[in-house]
Protein chains: 2
Amino acid sequence: MSKLRDVAERAQVAVSTVSAALNGTRPVAAATKRRIEQAAAELGYRPNLLARGLQSKRTRILALLFPAPRSGFGLTEMQFATGAAEAASELGYHLLLSPENADPIEELRHLTGLGLVDGVLLMEVGLDDERPEFLSAAGVAFSMIGRTREPGSIDYADIDFAATARDAVAHVAGLGHRKLAFFNLSTDTYAAQYGPAIRAEIEFAGAARAAGIDYVDDFRPGSAEEGRQAFEELVAAHPDVTALAVMDDHAAVGVIAAVAARGWRIPEDLTLLLVLSSARVAEMFHPRLTTLEPPSAELGRLGARMLIDRLRGDAPPQQRLVPCRLVIGDSSAPPREGRTV
Amino acid sequence: MSKLRDVAERAQVAVSTVSAALNGTRPVAAATKRRIEQAAAELGYRPNLLARGLQSKRTRILALLFPAPRSGFGLTEMQFATGAAEAASELGYHLLLSPENADPIEELRHLTGLGLVDGVLLMEVGLDDERPEFLSAAGVAFSMIGRTREPGSIDYADIDFAATARDAVAHVAGLGHRKLAFFNLSTDTYAAQYGPAIRAEIEFAGAARAAGIDYVDDFRPGSAEEGRQAFEELVAAHPDVTALAVMDDHAAVGVIAAVAARGWRIPEDLTLLLVLSSARVAEMFHPRLTTLEPPSAELGRLGARMLIDRLRGDAPPQQRLVPCRLVIGDSSAPPREGRTV
DNA sequence: ATGAAAGCGCTAACAC
DNA sequence: GTGTTAGCGCTTTCAT
């Protein structure tokens with residue numbers, strides 16, 4: 001690989017001039033600059049990132065802290081990663097995929113001590129996550145996909161649950177439904193204070209209230225079987241429910257089976273919405289489900305961009321909320337009068 | 001961050017001794033070594049990877065070349081990445097997620113010119129992929145997940161299509177089926193010479209022949225609608241088919257709808273297998289489909305390990321084939337006598 | 001506007 | 001077994 005000195009020799013100038021010309025660090029005569037650029041092109045010169053980083057203390061590498069795949073892990077998480085990698089790449093940065101082990105704080109301490117990364121991108125941020133605090137204290141730049149309970153003035157990109165719930169409720173209310181039920185993520189996930197589970201539950205209740213339609217929640221099925229069961233309980237307790245929003249896609253499988261088992265049909269007898277699941281998953285169902293698709297790639301992109309802005313010292317920390325996209329499928333329709341339980 | 005010199009001062013030795021003690025590069029007296037280790041621990045010393053890499057020409061960073069998400073992109077690709085990242089991490093390496101743009105070769109030239117990575121991990125390798133050749137010529141270490149038509153003596157980990165097909169055929173033949181049909185990936189994917197599409201088609205035909213059961217292929221539905229259609233055509237032309245293996249999960253959705261539309265049931269009237277789709281996707285179906293689940297994370301792991309072995313100069317290039325795992329669901333059963341078309 | 005030279009933190013000869 | 005020293009390729013003063 002040719003180096004700065006080779007370019008300097010070929011262009012008949014000093015290395016520092018080449019460095020300046022290529023980085024725009026200081027004024028260089030137009031003619032000189034052209035000579036240098038040509039020499040660099042001819043030699044196929046590529047700056048050595050290690051040497052540059054060693055000197056400048058900036059590697060232009062970002063780390064994406066990747067949690068150990070939990071169940072229910074899927075496209076969404078992957079899209080965070082690819083979105084972030086793309087945005088980083090466009091801005092001249094690289095993305096390191098850093099799997100998180102049992103002790104995330106120790107992992108962070110290790111990773112940031114290496115001098116390898118300029119900043120850290122956190123995903124799967126819990127409401128009481130301790131990582132942000134650690135990073136702040138350590139003086140490491142970071143941004144989050146998701147957010148803690150009280151994120152304060154920190155860079156983050158998260159789903160706009162309020163808008164998402166509003167859109168979902170408006171959709172079913174607009175179809176004429178008067179009573180909506182909500183199935184959250186599994187009990188375990190909810191108990192673990194997983195942000196989306198908590199926030200979606202709050203916002204759906206609020207949106208239903210604001211729209212003036214009846215609302216039931218308190219169901220947290222995490223599997224097909226639990227979904228089936230929850231649906232039976234729901235119908236028994238609230239036979240007048242005509243629309244249902246489900247967070248967990250396995251639970252949705254159970255709901256659909258239960259609906260079919262009682263001879264009901266979707267969407268005639270029940271409007272079914274999948275919340276926070278990708279359209280690709282929704283297409284696996286028959287009929288194709290109406291979905292509130294999370295803007296995963298966009299969040300990944302935003303997270304990376306924010307972090308890079310922070311490193312460049314540009315603006316103050318940003319907080320960005322992006323709503324899910326309502327993708328209307330074949331599972332929503334006006335309620336049918338006189339459905340028999 | 002404390003550096004080598006700080007440790008040296010605190011332990012009252014020369015920097016080179018510290019380096020040697022910490023890296024085991026040359027013999028160090030036990031007592032000295034202990035002093036050094038203690039000093040390092042007290043200072044929370046972390047080696048600067050950039051400095052080390054600049055000097056040693058080895059960064060212990062691997063790049064995973066990540067193709068632009070095509071449709072049908074999902075869990076599998078993500079598991080390559082996480083598997084590779086985990087394996088790398090366990091062996092003291094880091095994994096850079098490098099999104100590929102329109103010109104993969106140029107991308108590679110750029111990436112490898114930076115001096116940032118020791119080697120490259122290729123995924124989504126096409127039968128006529130030009131990247132391996134480029135990397136070989138450039139003298140860059142690499143390994144592949146998947147393989148070209150004639151990979152030769154190159155490190156790769158791929159699905160064992162022969163074993164997978166054999167297992168699938170054995171499963172349906174064992175249930176008593178006498179005629180199996182095969183739906184490949186979409187026509188486009190097949191035309192693009194996507195390895196799995198080509199190899200699976202060949203091996204299923206071969207396995208059926210070897211097992212002595214009748215076999216039909218030549219269907220390549222890439223969507224639910226195409227799946228429905230293909231199934232209708234299949235039944236019209238081959239009413240005696242009782243088992244079907246499908247590669248594309250959207251096509252499977254169409255097949256299931258078509259089966260239901262004619263009043264048939266799975267598995268009573270048709271045994272349905274999903275090939276190369278994750279068990280998580282198979283669970284989205286009702287009934288839960290029998291699946292041949294690709295060993296994605298394992299392939300990612302193997303790919304990373306092979307590459308690291310290569311970098312360490314240990315063994316000769318390895319070729320590893322891993323069969324899919326047969327996960328038996330509720331969609332396979334013995335054929336029913338006297339099914340009416 | 002350009003050049004010379006001093007490191008960034010580490011490894012690896014080479015001496016002793 | 002341990003110390004001294006010369007770089008790795010780059011950025012960045014400081015001269016000129």
Side-chain angles (χ1 to χ4, degrees), chain A residues 1-37 39-40 43-61 92 94 110 112-118 311-312, chain B residues 1-37 39-40 43-61 92 94 110 112-118 311-312:
Chain A
M1 210 61 226
S2 61
K3 40 199 192 190
L4 215 47
R5 216 185 51 193
D6 301 333
V7 180
E9 278 172 8
R10 186 171 246 265
Q12 306 272 36
V13 290
V15 280
S16 59
T17 307
V18 178
S19 172
L22 263 28
N23 296 310
T25 317
R26 74 183 186 193
V28 172
T32 317
K33 185 166 177 181
R34 230 178 326 97
R35 278 218 319 288
I36 290 171
E37 277 163 355
L43 292 169
Y45 170 76
R46 306 266 172 217
N48 181 311
L49 255 35
L50 297 181
R52 170 180 287 175
L54 180 57
Q55 168 69 10
S56 66
K57 304 289 176 203
R58 301 174 64 254
T59 60
R60 298 187 158 252
I61 300 176
H94 290 270
H110 178 82
T112 58
L114 263 19
L116 186 59
V117 304
D118 288 348
L311 290 168
R312 288 179 174 163
Chain B
M1 211 64 225
S2 58
K3 39 200 192 188
L4 213 50
R5 216 185 50 193
D6 301 333
V7 180
E9 278 171 11
R10 186 172 247 265
Q12 307 273 37
V13 291
V15 280
S16 61
T17 308
V18 179
S19 173
L22 263 28
N23 297 309
T25 317
R26 72 183 188 192
V28 172
T32 317
K33 184 166 178 181
R34 234 181 320 97
R35 279 217 320 287
I36 290 172
E37 276 163 356
L43 291 170
Y45 169 77
R46 307 266 170 218
N48 182 311
L49 254 37
L50 298 181
R52 170 181 289 176
L54 181 57
Q55 165 66 18
S56 65
K57 304 287 175 205
R58 301 176 64 253
T59 61
R60 298 186 159 254
I61 299 177
H94 291 269
H110 178 83
T112 55
L114 263 18
L116 186 58
V117 304
D118 287 348
L311 291 167
R312 288 181 174 160

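Reminder, nothing fancy here: chain letters follow the sequence lines and each chain counts from 1.
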Closest to side chain of Ala14(A), choosing from dG3(D), dG3(C), dG9(D):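 The answer is dG3(C).
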If you check every side-chain atom of Val28(A), which of dC10(C), dT2(C), dG3(C) has the closest atom?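 Selected nucleotide (nearest to the side chain): dT2(C).
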Just how far, in rounded Å, is P of dT13(D) from CG of Asn23(A)?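 Taking atom P of dT13(D) as the reference, CG of Asn23(A) is at 14 Å.
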Is a side-chain N or O of Arg46(B) found less than 3.5 angstrom from the main chain of Leu114(A), in a donor-acceptor match?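 No, because the side chain of Arg46(B) does not come within donor-acceptor range (under 3.5 Å) of the backbone of Leu114(A).
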From the options Leu49(A), Leu116(A), Leu50(A), select the one residue that forms a side chain to side chain contact (heavy atoms under 4.5 Å, CB included) with Ile61(B).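 Exactly one candidate clears the test, Leu116(A).
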Measure from the side-chain heavy atoms of Leu4(A) and tell me the nearest of dA13(C), dT11(D), dG9(D).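 Taking heavy atoms from C-beta onward, the closest nucleotide is dT11(D).
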Taking the nucleotide of DNA chain C with the nearest heavy atom to each, does Val15(A) or Thr32(A) sit closer to the 5' end?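 The residue whose closest nucleotide sits nearer the 5' end is Thr32(A).
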Just compare dT2(C), dT4(D), dG9(D) and give me whichever is closest to any side-chain atom of Asn48(A).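 Taking heavy atoms from C-beta onward, the closest nucleotide is dG9(D).
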Once you round it to whole Å, what is the distance between P of dT11(C) and CG of Leu49(B)?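 Whole-Å distance recorded here is 10 Å.
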dG9(C) C1' sits how many Å from Leu50(B) CG, rounded?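 Rounded to whole Å, this separation is 9 Å.
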Could you give the CZ-to-C1' distance, from Arg35(A) to dA1(C), as a whole number of Å?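 Those two atoms, CZ and C1', are 12 Å apart.
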hbond_proxy Ser19(B) side chain to dA12(C) base (donor-acceptor, 3.5 Å cutoff):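 There is none.
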Starting at atom CZ of Arg5(A), determine the distance to atom C1' of dA5(C), rounded to an integer number of angstrom.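 It works out to 14 Å between those atoms.
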Closest-nucleotide ordering on DNA chain C, the 5'-leading residue of Ser16(B) and Leu54(B):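 Looking at DNA chain C, the more 5' nearest nucleotide goes with Leu54(B).
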Whole-Å distance between dT12(D) C1' and Lys57(A) NZ?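 My rounded result for the distance is 13 Å.
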Which nucleotide sits closest to the side chain of Pro27(B): dG9(C), dC10(D), dG1(D)?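 Between dG9(C), dC10(D), dG1(D), the one nearest the side chain of Pro27(B) would be dG1(D).
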From the list dT2(D), dT2(C), dT11(D), which nucleotide is the closest neighbour of the side chain of Arg26(B)?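 Looking only at heavy atoms from C-beta outward on Arg26(B), the closest nucleotide is dT2(D).
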Out of curiosity, Glu9(B) CD to Gln12(B) CD, how far, rounded to the nearest 0.5 Å?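 CD of Gln12(B) is found 9.0 Å from CD of Glu9(B).
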Given 3.5 Å as the limit, does a donor-acceptor pair link the side chain of Asn23(A) with the main chain of Ala20(A), or not?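 Not confirmed, Asn23(A) side chain does not pair with Ala20(A) backbone.
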I'd like to know if the side chain of Ser56(A) and the backbone of Arg52(A) have a donor-acceptor N/O pair within less than 3.5 Å.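 Looks like yes, one N/O pair under 3.5 Å.
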Heavy-atom nearest nucleotide on DNA chain D for Ala51(A) versus Lys33(B): which residue maps closer to 5'?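 Closest to the 5' end, via its nearest nucleotide, is Lys33(B).
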Give the rounded distance in Å between these two atoms: CZ of Arg58(B) and P of dC8(D).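 So the two atoms are 19 Å apart, to the nearest Å.
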Within the modelled atom types, does a donor on one side and an acceptor on the other bring the side chain of Gln55(A) and the base of dG7(C) under 3.5 Å apart?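 Such a pair is found, so the answer is yes.
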What nucleotide, of dC10(C), dT11(D), dG9(D), holds the atom closest to the side chain of Ser56(A)?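 Of all the options, the side chain of Ser56(A) is nearest to dT11(D).
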Give, for atom CZ of Arg312(B) and atom CG of Asp118(B), the distance between the pair rounded to the nearest 0.5 Å.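 So the CZ of Arg312(B) and the CG of Asp118(B) are separated by 11.0 Å.
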Please state how far atom CD1 in Ile36(A) lies from atom C1' in dA1(C), giving the value in whole angstrom units.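 Distance check: Ile36(A) CD1 to dA1(C) C1' gives 11 Å.
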Given dC10(D), dA13(C), dT2(C), the nucleotide with the shortest approach to the side chain of Thr17(A):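 Nucleotide nearest to Thr17(A)'s side chain: dT2(C).
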